[in-house]
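Worksheet: one structure, shown below.
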Amino acid sequence: MAEESADFISDFIKEDLQKGRFDYVHTRFPPEPNGWLHIGHCKAFYIDFSMAERFKGKCNLRFDDTNPEKEDISYVEAIKRDVSWMGYDWEDREYYASDYYEYLYDLAVKIVKKGHAYVDDLTDEEMSEYRGTAAEDKNNITKTTESRQTPPGRNSPYRDRSVEENLDLLSRMRAGEFSDGARTLRAKIDMAHPNLLLRDPVMYRIRRETHYRTGNTWCIYPMYDFQHPLSDAKEGITHSLCSLEYEIHRPLYEWFINEAEVFPSRQIEFARLNMTHTVLSKRWLLKLVQENHVSGWDDPRMPTIAGLRRRGYTPEAIRSFVSQIGIAKTDSMVDIAFLEYCLREDLNKRSPRVMAVLKPLKLIIENWEAGAEELEAVNNPEDPEAGTRKLYFTRELWIEQDDFAEVPPPKYFRLFPGNSVRLRYGYIVTCTGFDKDAAGNITAVRCTYDPETKGGNAPDNRKVKGTIHWLSAADAIPIEVRIYDHLFAVERPMEAAPGKTFLDNLNPNSLELISHAYGEKSLAKAVPGDRFQFERLGYFAKDPDVSESGAPVFNKTVGLRDTWAKIGRKTAQ
Ligand code: ATP
Ligand code: MG
């Protein structure tokens, strides 16, 4: 799976190996079990697993579970299912930061004993006031420290507590003697540091929350900046690969490794994946789920792995996408059309073709006398081994409403009175007329067929420009079809107008339900996840749902038209 082309992370790793900083490579993918994984995470674990593979190393799956209020075992299960489905294997290396609580606590004690951490009694508000312009910093978190003109903060009055007092207070914090938020353990770094994150960051906070794994064993929980480097060190992680927003945290990562005197894991950052017409943040995806803007984490419009799977995406298409977008050091926006292009490339090779009619209109073959005739149809022109199947041709067929026009617009090569079309795998038919109801709706189209044209071939080189798909009305089954458009109507949903939120950018037409479509009878045997090309319509995947009337449901995965080629592959790197 690893690409041969060089990237800056491989270069760093190579250099570390050459210089003897490490003599092996070990990475980790560290999701927090507070939501389902999205395609941004695919980029992250593709990098983690493929770097390990390229350098013949290993990659751990570690649940970064130190925020009890948001985490849950159901998320752990979803994450494991999705990483496996993507084709990655962490073997027996499944770890939990929550298993390291005792180890982390011991290292905190070690840092306190060195005089480099202290128990503080300031409240959250006081702490941010002492720290300085914390509120502004939240928006500027990825800016470089140099560019920031931040006045120095002030030392907490509790900063110079003795080691003995700090050790005593820390053990009493752990023992539950103080209320939530009453005290914190802080690293003693520099309250004047230009990087606000280094102004005595919190290592532990008191929080009486039941943790989904450790229950009520702990009432103090370690903060990310403290626990993450030390969890990496515990597992002997050589290269801790993460997204760019952690760049500004790197000095802290190194500070804790040095202070705790543990394995010198190294953090390397890469650009996050951002994609048009969607949001890639668990926080916002959770909001969509909780507020029922989508049917769940696996709604086929969601950029989650589970949503993409249900939509009909293949792991191969997603891997091809994440490997082609490259590994860069600057954030960029990738066009969602490129993901669809990767999908289409893959589905074209592997999807069996079937016929389905989404907006049915009856076609009556007036000179057909034969009952049902068996015709042969090719399952996949891209794959001769996929073989052929039987279709039945009968007097009454279903065609698409769009494939008939009473008055044809210019360049319309489908059915209209007097015109001939080829019925795919069937015969050439000529339109003789149509029926209308009292309201003026077309209820049926009438035609005659030419018995000499079986299979669609005209013996006399007659020019027939249009070929349309069809189903035998006697042999088709009812199906429900769900057609999707982008979840968000705009390219950058987070850039909402003043007074609006990203929710105002939701696309009100992202789901179109077609309850009364028809498909080939063989579709009755499809199981959830099976993928097809419905001829002329696009790629579709069987959904686990059944319709209200008991019909199988198919999700439109992607259309046939390659919008990416049209855009000219202007991939925004
Ligand atoms: P979110 O921002 O969606 O809440 P997160 O970063 O908090 O995600 P984690 O579970 O902590 O989610 O992420 C696990 C790993 O995935 C981290 O190393 C993080 O850097 C990486 N990651 C998350 N989102 C992206 C993305 N859009 N592109 C690349 N990597 C990502
Ligand atoms: Mg995170």
Side-chain angles (χ1 to χ4, degrees), residues 7 9 27-52 59-67 69-72 74-80 82-83 86 88 90 95-98 138 141-142 223-225 227-229 231-232 235 237 239-250 253 265-290 297 302-308 318-319 321-323 325-334 336 339 492-494 502 572-573:
D7 59 84
I9 298 181
T27 59
R28 87 290 170 259
F29 173 59
E32 182 178 359
N34 63 351
W36 292 32
L37 299 180
H38 53 64
I39 188 150
H41 294 113
C42 290
K43 173 175 179 177
F45 65 71
Y46 162 77
I47 295 176
D48 296 329
F49 280 98
S50 59
M51 289 301 159
C59 179
N60 294 352
L61 176 63
R62 182 197 319 138
F63 291 96
D64 201 354
D65 54 354
T66 54
N67 282 314
E69 52 276 70
K70 292 182 186 154
E71 295 162 359
D72 191 70
S74 70
Y75 294 132
V76 169
E77 286 157 5
I79 289 168
K80 284 163 60 172
D82 290 346
V83 177
M86 280 294 297
Y88 293 100
W90 56 93
Y95 299 111
Y96 293 81
S98 55
K138 276 195 181 127
I141 206 89
T142 53
M223 302 299 284
Y224 178 87
D225 283 325
Q227 67 77 13
H228 200 82
S231 299
D232 283 342
E235 293 171 19
I237 299 303
H239 299 89
S240 179
L241 311 174
C242 59
S243 42
L244 210 53
E245 69 271 25
Y246 294 104
E247 186 174 32
I248 195 169
H249 297 248
R250 194 188 332 133
Y253 186 97
S265 303
R266 172 175 191 190
Q267 176 179 304
I268 301 174
E269 312 85 17
F270 55 84
R272 276 176 89 81
L273 170 64
N274 300 303
M275 204 163 63
T276 58
H277 294 288
T278 195
V279 291
L280 292 184
S281 167
K282 276 187 278 185
R283 189 165 153 218
W284 305 124
L285 296 174
L286 177 66
K287 200 169 166 74
L288 294 175
V289 173
Q290 282 176 336
W297 285 102
M302 288 280 269
T304 51
I305 300 178
L308 296 171
I318 300 174
R319 282 209 303 266
F321 169 76
V322 292
S323 71
I325 55 174
I327 306 173
K329 190 80 187 175
T330 39
D331 274 323
S332 66
M333 178 70 75
V334 176
I336 196 166
L339 175 63
R492 295 165 188 256
M494 295 315 291
F502 79 110
Q573 287 291 314

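Positions are given from 1, in the same order as the sequence printed here. Just follow the structure's listing: the first ligand is 1, and inside any ligand the first atom is 1. Predicted model, so just to flag it, every value in this text is computed and none were measured.
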For ligand 1, which is the ligand I care about here, please tell me if Ser243 has any N or O atom under 3.5 Å from one of the ligand's N or O atoms.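 Right, the criterion is met.
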
Option whose closest heavy atom lies nearest to [atom], chosen from [options]:
atom: atom 18 (O) of ligand 1; options: Pro30, Pro303, Gly35, Ser240; result: Pro30
atom: atom 24 (N) of ligand 1; options: Met275, Arg272, Lys282, Arg28; result: Arg272
atom: atom 16 (O) of ligand 1; options: His38, Lys70, His41, His228; result: His41
atom: atom 28 (N) of ligand 1; options: Leu273, Ile47, Asp48, Asn34; result: Leu273

Numbered atoms and elements of ligand 1 in range of [X], under 4.0 angstrom, heavy atoms:
X: Ala44; answer: 16 (O), 21 (C), 30 (N)
X: Pro31; answer: 10 (O), 14 (C)
X: Tyr246; answer: 20 (O)

Between Lys329 and Glu269, is there a salt bridge with N-O shorter than 4.0 Å?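 Salt bridge flag = yes for Lys329 with Glu269.
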
Would you call Phe45 a ligand 1 contact, heavy-atom distance under 4.0 Å? no

Test of ring centre spacing under 6.0 Å for Tyr224 and His228: yes

Hey, would you say the Phe270 and Tyr246 ring centroids sit under 6.0 Å apart? no

Quick one: does Arg272's side chain have a donor or acceptor within less than 3.5 Å of a partner on Leu280's backbone? yes

Closest non-hydrogen atom pair between Pro33 and Ile79, with its separation: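 Looks like CA-CD1, 3.9 Å.
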
Phe29, portion touching ligand 1 at heavy-atom distance under 4.0 Å: side chain

Is there a donor in the side chain of Glu69 and an acceptor in the side chain of Asn34, or the other way round, less than 3.5 Å apart? no

Less than 3.5 Å apart, any donor N or O on the side chain of Asp64 or Tyr96 sitting next to an acceptor on the other? no

